[in-house]
Number of protein chains: 2
Amino acid sequence: MIDEETARERVVSTADRLFYAHGVQAVGMDTVRTESGVSLKRIYALFPSKDDLVLAVLRRRTRQWDTGVTGAVSGAGTPRDRLLAVFDFLAEWFREDTFRGCAFINFFGELGGDSNRVAEAVREQKASFQRRVAELVREAGGPGHLAPQLVLLAEGAQTTAAISGEPDAAAHARAAADTLIRCAFEGSQEAERAL
Amino acid sequence: MIDEETARERVVSTADRLFYAHGVQAVGMDTVRTESGVSLKRIYALFPSKDDLVLAVLRRRTRQWDTGVTGAVSGAGTPRDRLLAVFDFLAEWFREDTFRGCAFINFFGELGGDSNRVAEAVREQKASFQRRVAELVREAGGPGHLAPQLVLLAEGAQTTAAISGEPDAAAHARAAADTLIRCAFEGSQEAERAL
DNA sequence: TAGAGTAGAGAACGATGGTTCTCTGCGCAA
DNA sequence: TTGCGCAGAGAACCATCGTTCTCTACTCTA
């Protein structure tokens, strides 16, 4: 018999793969059971309802996203490169052949209208990413309005890459981000000179 | 007995409202029937399957989007204002209290993994918007790389506004677009001077 | 070895899905 | 008026959903 943590991880990773590929409602719990190899009884002992499983998937994705961004950012040198590294991280992700957009956006569109728990989890993840980018902008000494603009580019790149199927949306977003960053710093330097 | 076109319009507009608010799979055909007042027999005579109804909803949204963009753009003066007008159009849309993101993105996330027809319809709408923006950029004399960047901002604004619930994503997108446009034109003027 | 307890497989259950069918009733031609 | 045809309401149908239950079999202790 397998360990509880192992069973939990198997169920969540299986559910993640299936929900992300086909949508949540298109995947039955029976399929999760078959593909994870964990019995329904065990699954329901770990996750009281499908909704809880969906939330567990979102929590897992949040952790993965955070460590991914951290890794990408930490590899970059200058503060401005650290901002651009976020878009390199996106580019890498978009090239995975299982890529099908941002799971948070997809789940929100499918379930957010009726499930407050899902909507709230998605909102929190997006807000957390926004805070992360704002912090990177602050560290680079950029103006406050830059962060939400860069976030829009990242979000747009995710949906565009998903729908078009072409990963070069990340390159467009990176180029646009580069322009915005450059202009923002010119602007703030001008502001400094004006003082 | 009501006209065929009237019945069709009633069914599609009802399905649009319900699918958009709750997601496609969360809404049964029986609810569409109840809320539209058109019998199931009639609905299935007009739309052979739920999938066809979903496609009809997408076609309707495509028409509305196109006329909306056309209206917004035609009200603006200079070619560069015409580009920015797209973001004013978004701002207006985001303030509607039924706003819940881009239906194409939502439907793609929910159904695009399994339904090629839906995925293709969404892809085509996004490609059409991209062509539209590219044409506006061309008319304004901007460089070719500007259009996909502006599109990313528009897409990002839609999902961000939907998830955060705050319509000011449109303002951020507009400001970023303004910066990108200004930089692009400075760049192309420099290029012209260099000739 | 005997027995208690637990895990797994999957049948069972009630609800609901998309889709079809039946039955009722109304309008209309002869 | 009579019979025909079609529209509408919703019951019916089968599959599948999320969830629970049962039964078998195995493990571990005394």
Side-chain angles (χ1 to χ4, degrees), chain A residues 1-58 106-107 109-118, chain B residues 1-58 106-107 109-118:
Chain A
M1 177 204 144
I2 55 177
D3 183 57
E4 164 164 337
E5 275 320 299
T6 311
R8 188 181 292 270
E9 167 60 20
R10 272 200 208 170
V11 171
V12 177
S13 67
T14 302
D16 189 330
R17 176 170 51 83
L18 294 171
F19 291 169
Y20 180 61
H22 306 283
V24 174
Q25 315 214 64
V27 176
M29 292 297 281
D30 216 60
T31 308
V32 174
R33 169 203 123 154
T34 305
E35 303 233 352
S36 69
V38 177
S39 74
L40 275 178
K41 194 174 172 183
R42 196 98 190 268
I43 292 176
Y44 275 92
L46 295 168
F47 309 98
S49 74
K50 192 183 186 181
D51 224 45
D52 293 289
L53 180 52
V54 171
L55 288 170
V57 167
L58 289 179
N106 292 352
F107 287 16
E110 182 176 356
L111 309 169
D114 289 328
S115 166
N116 277 324
R117 297 169 74 198
V118 169
Chain B
M1 175 205 145
I2 55 176
D3 183 57
E4 165 165 337
E5 274 321 298
T6 312
R8 187 182 293 270
E9 167 60 21
R10 272 201 209 168
V11 172
V12 176
S13 67
T14 303
D16 189 330
R17 176 172 51 83
L18 294 170
F19 292 170
Y20 180 61
H22 304 101
V24 174
Q25 315 214 64
V27 176
M29 293 297 282
D30 216 60
T31 310
V32 174
R33 170 203 122 151
T34 305
E35 303 233 353
S36 69
V38 177
S39 73
L40 275 178
K41 195 175 172 183
R42 195 98 191 265
I43 292 177
Y44 275 91
L46 295 168
F47 309 98
S49 74
K50 193 182 186 181
D51 224 46
D52 292 288
L53 180 53
V54 171
L55 288 170
V57 168
L58 289 179
N106 292 353
F107 287 16
E110 182 175 357
L111 309 169
D114 288 329
S115 165
N116 277 324
R117 298 169 73 199
V118 169

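On a predicted model such as this, the values are computed, not experimentally measured, just so you know. Sequence lines set the chain letters: A, B, ... in the order given, protein chains first and strands last, and positions in each chain run from 1.
Separating the CD atom of B/Gln25 from the P atom of D/dA15 is a distance of 19 Å, rounded to the nearest angstrom. With rounding to whole Å, A/Asp3 atom CG is found 12 Å from C/dA7 atom P. Per the geometry, CG belonging to B/Leu46 stands 11 Å off P belonging to D/dA7, to the nearest Å. Rounding to whole angstrom units, NZ of residue A/Lys41 and P of D/dC23 are separated by 12 Å. Atom-to-atom, CD1 of B/Ile43 to P of C/dT20 comes out at 13 Å; the value is rounded to the nearest Å. Straight-line distance from the CG atom of A/Asp52 to the C1' atom of D/dT19: 13 Å, rounded to whole Å. Separating the CZ atom of B/Phe19 from the C1' atom of C/dG18 is a distance of 11 Å, rounded to the nearest angstrom.
B/Val27 comes within contact range of the sugar-phosphate backbone alone, with a heavy-atom separation under 4.0 Å but no base atom that close.
When all heavy atoms of B/Val27 and B/Gly23 are compared, the pair lying nearest together is CG2-O, 3.5 Å. Annotation for B/Ala7 and B/Val38: closest pair O-CG2, 4.2 Å, computed over non-hydrogen atoms.
Within the structure, no pair that satisfies the salt bridge (charged side-chain N to carboxylate O under 4.0 Å, His left out) test touches residues 18-28 of chain B, not counting sequence neighbours. Within the structure, every pair that satisfies the side-chain hydrogen bond (donor to acceptor under 3.5 Å, both in side chains) test and touches residues 11-33 of chain A, not counting sequence neighbours, is listed here: A/Asp16-A/Arg61, A/Arg17-A/Glu35, A/His22-B/Asp114.
Annotation: proximity of residues 29-40 of chain A to DNA chain C (heavy atom, distance under 4.0 Å) is found for A/Arg33, A/Ser39, numbered in ascending order. Near-neighbour residues of DNA chain C inside residues 8-17 of chain B, defined by a heavy atom below 4.0 Å, are absent.
Annotation: side-chain contact (heavy atoms from CB on, under 4.5 Å) contacts of A/Arg117 (sequence neighbours excluded): A/Asp51, A/Asp52, A/Leu55, A/Ser115. B/Arg8 is linked by a salt bridge (charged side-chain N to carboxylate O under 4.0 Å, His left out) to B/Glu4, B/Glu5, counting only residues two or more places apart in sequence or in another chain.
A/Phe47 places a side-chain heavy atom less than 4.5 Å from the side chain of A/Val12. Counting heavy atoms from C-beta outward, A/Met29 and A/Leu53 have side chains that approach closer than 4.5 Å.
For the pair B/Glu110 (side chain) and B/Val24 (backbone), a donor-acceptor distance under 3.5 Å is present.
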